[in-house]
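Written out below as structure tokens is the structure these notes cover.
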Amino acid sequence: MKGMTIIQMLQKAAIESLQSLYNQPFTEKDFQVSQTKPEFEGNYTVVLFSLTKSLKKSPEALGKELGDELIKNHSHIFSKYNVIKGFLNLTITDDHLLDLLNRNYNDVCFGKHKINGKKIMVEYSSPNTNKPIHLGHLRNNFLGWSVAEILKANGYDVIKSCIVNDRGIHICKSMIAWQKFANGATPQTTNTKGDHFVGEYYVKFNGELKKEVDELKNKGTDEEVAEKQAPIMQQAQAMLLDWEEGKPEVIDLWKKMNGWVYEGFDVTYKRIGSYFDITYYESNTYLLGKDIVKEGLAKGVFFKEEDGSIWIDLTEDGLDKKIVQRRDGTSVYITQDIGLAKQKYEEYKIDKSIYVIGDEQNYHMKVLKLIAEKLDLPNAKNIYHLSYGMVELPSGKMKSREGTVVDADEIIDEMISTAKHHTEELGKVKDFNEHELDDLYETLGLGAMKFYLLRVDPKKRMVFNPEESIDFHGFTGPFVQYTYARIQSVLRKVGQQSTVDSRQSTELLPLEKELILTLEQYSSIIEQAANELNPSVVANYVFDLAKTFNSFYTEHSIANADSEEKKQLRLQIASMT
RNA sequence: GGUUCGGUAGCUCAGUUGGAUAGAGCAUCAGCCUUCUAAGCUGAGGGUCAUUGGUUCGAAUCCAAUCCGGAUCACCA
């Protein structure tokens, strides 16, 4: 019975008992097993209603017979039971829980599954090189990172990837603005983080464009026309053509400015703990897909219009017709993506491909998957779009034009300094040195932020209130510390508590029991999160775990330990993230 | 309009394959405490689970319709 969760064991035991009692076969689908609600006595509950019909017995009688049988055959696991209506509540013996604990508390792989040989690529982050990372990107990063780690824990070989959008008209906009207004300024001369520096010129471009458009409008030009005719826009368009032709001075400028941005991104990524096994650059991949078009035409998946443009007809799948190549022969976004998808399969032989992309691209991803399937790309069915909703502010949507974007670096700084402020006020860290303190604050601040972005179901859009979200009340402090701590370390701590404890009896305290039972769920929660590809399951679970642990932490000997011991514990926690 | 996702406490959100009296944090109120008057402790109040109908022993959960909100429906990426 090793390696099984208590629920699995209970299911198995109940099936055996039912079969010997009533002489007919049962499966785990015939009844339900869940954790007992706190207001009732017991730890696990068998729900019997579904059995009453076929067995023609009252729920109470059935509960009593099954309860007696389970205790008779498994007295080392179940100590007692009670029946309320159709619910059979079973209590797990302390011995069994202690055994669980002793088996697991030194296991560094606790909760992890064996390697299953499957390869998964998780593509996330996808920044543009014309502006810094903002709050929405952070949600993306944390989601992608978490899903990747959850899959790893479930035994998958995970490749983290990132596609950088480093070319196109928007990039040229900041380049033009820099040429016109910077007078040779650089991040170094202005002492600005590279991505912020470039972002400023993107903003400047838009400001200048607005001025020029307004001027044209005053002369009676239509707004749409004015936007196209504005000199600065035409300069940007011209620059894009130069870039595509590979004009050296444009390429040099492009490399220089992107370099600044990457330096800035590096700092932020390091800070939030993101990294990628492979980074794709759109400037390298935007021509991919030309072959795909040929292949699709040959297979009859695509068709050519009279004007030379190439399309796919998806009306049978409930969608529209979609263009895959313009009449001038250049490829569109979707074609590049298919090209990249194909390349990913060819390079890595991945079994599954996960894209962490906002929900405004739901339609696009649906089309992508359909085309991939129709072209018979390998594992096309295993393309999965992990779609997530926008992050909004209490004041409404974030809009870069109106300057209401929450910058990632700023919000991280704010979280960390709030963590510092609160911790100092609580005064529990007087014996920490400066370096240790910085680590601690970083852990606290980032932990709080990760939690508040991850606990919401990805597909829902969410409101992030910087004022309220930086919340270090009550158990949140310890919670934050443990959010990203490895669970087995917590387990070990509890194990030591229980085994090293000077108490004579082996009876568990209610809190210990609760904690062990909560930890017991860990692997099934991780598994569920991997199946649903939903990290919020884990975040909310850890929240519960932390509440339990916090009670334990405050009420137990850790709270009575001298300050050196406390310090060690806190350092250990900080280093576990 | 078509497609699609959402609507749960004053606010932000959980709620497992349909199960017991729908939960948490914040906010509010009461009490505890006070040399710096608390990011602390105990407790309380707060719900038509958008609406209506259906499925059944049993529905926030499944089905249908309606209302409200978001996203999307480009030879942009």
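In the text below, chain A, chain B and the rest are named by the order of the sequence lines, each starting its count at 1. Heavy atoms only: backbone and side chains are in, while hydrogens, waters and symmetry mates are out.
- The CG-C1' distance, from A/Asp317 to B/rG2, rounds to 16 Å in whole Å.
- Spacing between B/rC63 and B/rU16 at atom P, rounded to whole Å, works out to 15 Å.
- Screening A/Asp195, A/Asp166, A/Asn165 for a side chain to side chain donor-acceptor pair (under 3.5 Å) involving A/Asn128 leaves a single residue, A/Asn165.
- Protein atom CD of A/Gln8 is 15 Å distant from nucleotide atom P of B/rU17, rounded to whole Å.
- For the pair A/Leu453 CG and B/rC13 P, the computed distance is 11 Å after rounding to whole Å.
- Taking atom C1' in both B/rC49 and B/rG18, the straight-line distance is 15 Å, to the nearest Å.
- If you measure from atom CE of A/Met462 to atom P of B/rG7, you get 15 Å, rounded to the nearest angstrom.
- Between B/rC13 and B/rG47, the two C1' atoms lie 15 Å apart (nearest whole Å).
- Remark on RNA chain B: of its neighbouring residues A/Lys459 and A/Gln521, the 5'-side contact belongs to A/Lys459, judged by nearest-heavy-atom nucleotide.
- Ring pair A/Phe49/A/Phe87: centre-to-centre distance below 6.0 Å.
- Base pairing of B/rA71 is made with B/rU3, judged by Watson-Crick or G-U wobble geometry with both donor-acceptor distances under 3.5 Å.
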Close N/O contacts between protein and nucleotides 19-21 of chain B (under 3.5 Å):
from: B/rA20; atom 1: OP2; to: A/Lys37; atom 2: NZ; distance (Å): 3.1
from: B/rA20; atom 1: N6; to: A/Thr45; atom 2: OG1; distance (Å): 2.9
from: B/rA20; atom 1: N6; to: A/Asn89; atom 2: OD1; distance (Å): 3.1
from: B/rA20; atom 1: N1; to: A/Asn89; atom 2: OD1; distance (Å): 3.4
from: B/rA20; atom 1: N1; to: A/Asn89; atom 2: ND2; distance (Å): 3.4

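- Nucleotide B/rC13 has B/rG23 as its partner under the Watson-Crick or G-U criteria, with both atom distances under 3.5 Å.
- Side chains of A/Thr45 and A/Leu88 form no contact here, defined as non-hydrogen atoms less than 4.5 Å apart.
- In this entry B/rU35 has no Watson-Crick or G-U wobble partner, no candidate having both defining distances under 3.5 Å.
- Distance A/Arg455 CZ to B/rG15 C1': 14 Å, rounded to the nearest Å.
- The separation between A/Tyr541 atom OH and B/rG23 atom P is 21 Å, rounded to whole Å.
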Show your working on side-chain hydrogen bond (donor to acceptor under 3.5 Å, both in side chains) between A/Asp457 and A/Ser536 and close with a plain yes or no.
CA-CA 6 Å; A/Asp457 192 316; A/Ser536 88; 5.1 Å; no
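- Rounded to whole Å, the distance from CZ on A/Phe451 to P on B/rC13 is 12 Å.
- One finds no salt bridge joining A/Lys12 and A/Glu28 here, because no Lys/Arg side-chain nitrogen approaches an Asp/Glu carboxylate oxygen to under 4.0 Å.
- With P as the reference atom, B/rU3 and B/rU66 are 11 Å apart, rounded to whole Å.
- Taking the six-membered ring wherever Trp is involved, the centroid distance between the rings of A/Phe31 and A/Phe26 does not fall below 6.0 Å.
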Heavy-atom protein contacts under 4.0 Å, nucleotides 70-77 of chain B, coded B base, S sugar-phosphate only, - none:
SSSS-BSB
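- B/rA59 sits 43 Å from B/rA74 when the C1' atoms are compared, rounded to a whole Å.
- The stretch residues 326-337 of chain A participates, sequence neighbours left out, in these salt bridge (Lys or Arg N to Asp or Glu O under 4.0 Å) pairs: A/Asp307-A/Arg327.
- As rounded to the nearest Å, B/rG69 and B/rU8 have C1' atoms that lie 16 Å from one another.
- If you look at A/Trp243 and A/Tyr286, their ring centroids are closer than 6.0 Å.
- Panel note: side chain A/Asn154, backbone A/Ile526; a donor-acceptor pair is recorded below 3.5 Å.
- Atom pair A/Leu319:CG and B/rG2:P shows a separation of 16 Å (rounding to whole Å applied).
- Ring-plane geometry between A/His134 and A/His137 is classed as tilted, the angle between the planes lying from 30 to 60 degrees on a 0 to 90 degree scale.
- Rounded to the nearest Å, the gap between the P atom of B/rA44 and that of B/rA50 is 27 Å.
- B/rG70 and B/rG54: their P atoms are spaced 32 Å apart (whole Å).
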